[in-house]
Q: 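Have a look at the structure that comes next, please.
Residue numbers count from 1 along this sequence.
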Amino acid sequence: MPHPPVVCRGTVLVGETGPVTRLHDADRRDFASDNYAGVHPEVLAAIAEANGGHQTAYGEDVYTSRLHEVVVQHFGDQATVFPVFNGTGANVLSLQSVLPRWGAVVCAETAHIHTDENGAPERMGGIKLLTVPTPDGKLTPELVATQAWGFGDEHRAQPGVVSITQSTELGTLYTPDEVRALADQAHEHGLRLHLDGARISNAAASLGVPLRDFTTDAGVDLLSLGGTKNGLLYGEAVVVLDPTADGGLTYLRKMDMQLASKMRFVSAQLVALYEGDLWLRSARHANAMAARLRAGIEDLPGVQVTRPTQANGIFVIFPPGVADVLRRRWRFYDWIVETGEVRLMCSFDTTDDDIDELVAAVTDAVS
């Protein structure tokens with residue numbers, strides 16, 4: 001998806017030694033991505049608390065040990081966790097660990113691993129992606145069946161994993177029953193089920209269920225556990241739910257340059273997010289802001305909200321010229337340039353005032 005132009009604004013602060021120029025406006029919030037948001041104060045505090053003194057490197061630290069305990073609480077006693085730097089790394093590692101060299105992944109045509117990871121699964125992981133067009137970003141057993149064939153055919157990449165995203169790139173959600181149906185189908189054919197959970201917290205908050213309801217209990221084999229989009233400075237994790245699905249992650253993580261030497265600072269952030277209810281509070285808030293935004297604009301003249309708003313994103317087509325007016329103040333993404341569809345994303349730090357200001361601007365522009 002095309003990125004908007006970079007705009008830098010500085011503010012002048014008064015420090016002890018005189019005026020200091022801050023490189024950005026700390027009161028500015030946009031609607032392009034939840035990656036734009038800063039770090040949640042509770043996560044920053046956790047990083048500071050983890051600092052000082054020495055801890056054993058490469059994951060043999062008390063924070064990574066605590067993270068394992070937290071993950072077990074969410075996903076069950078059999079779960080193991082591998083902290084990594086980012087979501088692309090988590091996805092590539094997950095898929096590599098359960099595929100042979102000739103293996104392939106069945107995924108939606110809109111899946112992040114296909115559209116927004118610059119070929120990393122193919123180039124870094126050596127993985128063939130078998131994509132399926134979907135109207136709502138969600139796979140179904142019927143759709144998977146269009147690519148899950150050719151087993152034993154030496155001329156065709158062998159399907160080995162079904163990968164789904166929760167919530168999807170189109171802002172839709174899988175129910176636990178829908179995930180279970182996909183897991184049953186995958187396992188019947190000897191495939192694994194992977195879940196890309198970059199926005200897993202938003203999905204759980206919207207569905208009103210624990211994380212394990214649509215993961216462990218629904219038959220997911222392994223998942224990418226999101227953090228950055230929900231208030232972390234950086235960091236995600238691979239969580240293995242079926243112990244037999246760990247195909248050498250200990251070695252792959254290092255080989256794929258995702259092994260942090262000072263892992264305590266990744267783990268401390270994930271502990272801060274998932275140990276209590278911060279993950280849920282932040283996701284509920286982002287979802288609520290998206291619902292508020294939709295309610296404020298969907299009935300305006302000429303405004304077409306194009307997809308369900310089930311998590312923290314809104315997809316909309318504005319009347320001609322309106323998006324260009326809004327871009328003078330806010331950044332957001334063009335989703336489908338040909339139709340004029342744009343995506344507006346809310347974050348843990350989006351405020352009521354942010355929403356009301358945008359709604360007022362849209363109202364003014366369409367009138």
Q: Residues two or more places apart in sequence or in another chain: which of them pass salt bridge (Lys or Arg N to Asp or Glu O under 4.0 Å) with Asp61?
A: none
Q: Show the numbers, then the answer: is there a side-chain contact (heavy atoms from CB on, under 4.5 Å) between Ser167 and Gln310?
A: CA-CA 8 Å; Ser167 58; Gln310 298 179 345; over 6 Å; no
Q: Tell me whether the NZ or CZ atom of Arg156 lies within the 45° cone about the ring axis of Trp149 and under 6.0 Å from its centre.
A: yes
Q: So, do Arg199 and Asp34 sit near enough that their side-chain heavy atoms are less than 4.5 Å apart?
A: yes
Q: Using links of under 4.5 Å between side-chain heavy atoms of ILVMFWY residues, direct or through other members, which residues join Val62 in one cluster?
A: Tyr63
Q: Is any side-chain N of the basic residue among Asp30 and Arg331 closer than 4.0 Å to the acidic one's carboxylate O?
A: no
Q: Treating Ile, Leu, Val, Met, Phe, Trp and Tyr as nodes and any side-chain heavy-atom pair under 4.5 angstrom as an edge, say whether Tyr174 and Val162 lie in one connected cluster.
A: yes
Q: Roughly how far apart are His187 NE2 and Arg180 CZ, rounded to 0.5 Å?
A: 7.5 Å
Q: Just checking, any donor-acceptor pair under 3.5 angstrom between side chains of His114 and Glu109?
A: no
Q: Verify, without hydrogens or angle tests, whether Ser367 (side chain) and Thr363 (backbone) share a donor-acceptor contact under 3.5 angstrom.
A: yes
Q: Can you name the one residue among Asp354, Asp353, Asp352 that meets side-chain contact (heavy atoms from CB on, under 4.5 Å) with Thr350?
A: Asp354
Q: Both conditions, 6.0 Å and 45 degrees, for the charged tip of Arg307 above the ring of Phe315: are they met here?
A: yes
Q: Can you tell if the side chain of Glu236 reaches within under 4.5 Å of the side chain of Ser224, non-hydrogen atoms only?
A: no
Q: Give the ring-plane orientation class for Trp279 versus His74, where under 30° counts as parallel, over 60° as perpendicular and anything between as tilted.
A: perpendicular
Q: Among Ile317, Asp334, Val316, which residue meets the side-chain contact (heavy atoms from CB on, under 4.5 Å) test with Glu341?
A: Ile317
Q: For the residue pair Asp221 and Val98, establish whether any side-chain heavy-atom pair is separated by less than 4.5 Å.
A: no
Q: Linking I/L/V/M/F/W/Y whenever their side-chain heavy atoms sit closer than 4.5 Å, directly or via other members, would Val239 and Val220 fall into one cluster?
A: yes
Q: What distance separates Asn312 CG from Asn202 CG, expressed to the nearest 0.5 Å?
A: 4.0 Å
Q: Please lay out, stage by stage, how Tyr333 and Ser33 fare under the test side-chain contact (heavy atoms from CB on, under 4.5 Å).
A: CA-CA 8 Å; Tyr333 286 134; Ser33 173; 3.9 Å; yes
Q: Please say whether more than 12 non-hydrogen atoms of neighbouring residues, nucleotides or ligands are located less than 6.0 Å from CZ in Arg29.
A: yes
Q: Who clusters with Tyr58? Use side-chain heavy atoms, under 4.5 angstrom, across I, L, V, M, F, W and Y, and order the result by chain and number.
A: Leu259, Met263
Q: Got Gln269 and Ile47 here, is their nearest side-chain heavy-atom distance under 4.5 Å?
A: yes
Q: Who are the side-chain hydrogen bond (donor to acceptor under 3.5 Å, both in side chains) partners of Thr216, not counting sequence neighbours?
A: none
Q: Tell me, which pairs form a side chain to side chain donor-acceptor pair (under 3.5 Å) where one or both residues lie in residues 123-138, sequence neighbours left out?
A: Lys138-Glu178
Q: Go through the steps for Ile113 and Leu129 under the test side-chain contact (heavy atoms from CB on, under 4.5 Å), then give the verdict.
A: CA-CA 9 Å; Ile113 57 174; Leu129 299 180; 4.0 Å; yes
Q: Taking the side chain as every heavy atom from C-beta outward, state whether Trp335 and Thr306 have any atom pair closer than 4.5 Å.
A: no
Q: Can you tell whether the side chains of Asp256 and Lys254 come within less than 4.0 Å, N to carboxylate O?
A: no
Q: With sequence neighbours excluded, what pairs up with Asp196 under the salt bridge (Lys or Arg N to Asp or Glu O under 4.0 Å) test?
A: none
Q: How far apart are the C-alpha atoms of Arg343 and Met345, what are their side-chain angles, what is the distance that settles it, and do they pass the side-chain contact (heavy atoms from CB on, under 4.5 Å) test?
A: CA-CA 6 Å; Arg343 187 191 74 175; Met345 188 65 65; 3.5 Å; yes
Q: Treat each ILVMFWY residue as a node, draw an edge where side-chain heavy atoms are under 4.5 Å apart, and state whether Leu293 and Val342 are in one component.
A: yes
Q: Using a 4.5 Å cut-off on heavy atoms from C-beta on, say whether the side chain of Arg192 contacts that of Thr244.
A: yes
Q: OG of Ser201 to CG of Leu278: how many Å apart, nearest 0.5 Å?
A: 9.0 Å
Q: Quick one: pull up CG in Leu223 and OG1 in Thr215 and give me the separation to the nearest 0.5 Å.
A: 6.0 Å
Q: Does a salt bridge link Asp356 with Arg292, judged by any charged N lying under 4.0 Å from a carboxylate O?
A: yes
Q: Would you say the side chain of Thr250 lies within less than 4.5 Å of the side chain of Phe82, judging by non-hydrogen atoms?
A: yes
Q: With the 4.5 Å side-chain cut-off for hydrophobic clustering, are Val81 and Phe75 part of the same group?
A: yes
Q: Taking the side chain as C-beta and beyond, is there a heavy-atom pair between Gln55 and Glu60 under 4.5 Å?
A: no
Q: I'd like to know whether OH of Tyr251 has more than 12 heavy-atom contacts from other residues, nucleotides or ligands below 6.0 angstrom.
A: no
Q: Please determine whether residues Val240 and Val92 belong to a single hydrophobic cluster, defined as Ile, Leu, Val, Met, Phe, Trp and Tyr linked transitively by side-chain heavy-atom distances below 4.5 Å.
A: no
Q: Below 4.0 angstrom, N of the basic side chain to O of the carboxylate: do Asp324 and Arg327 qualify?
A: yes
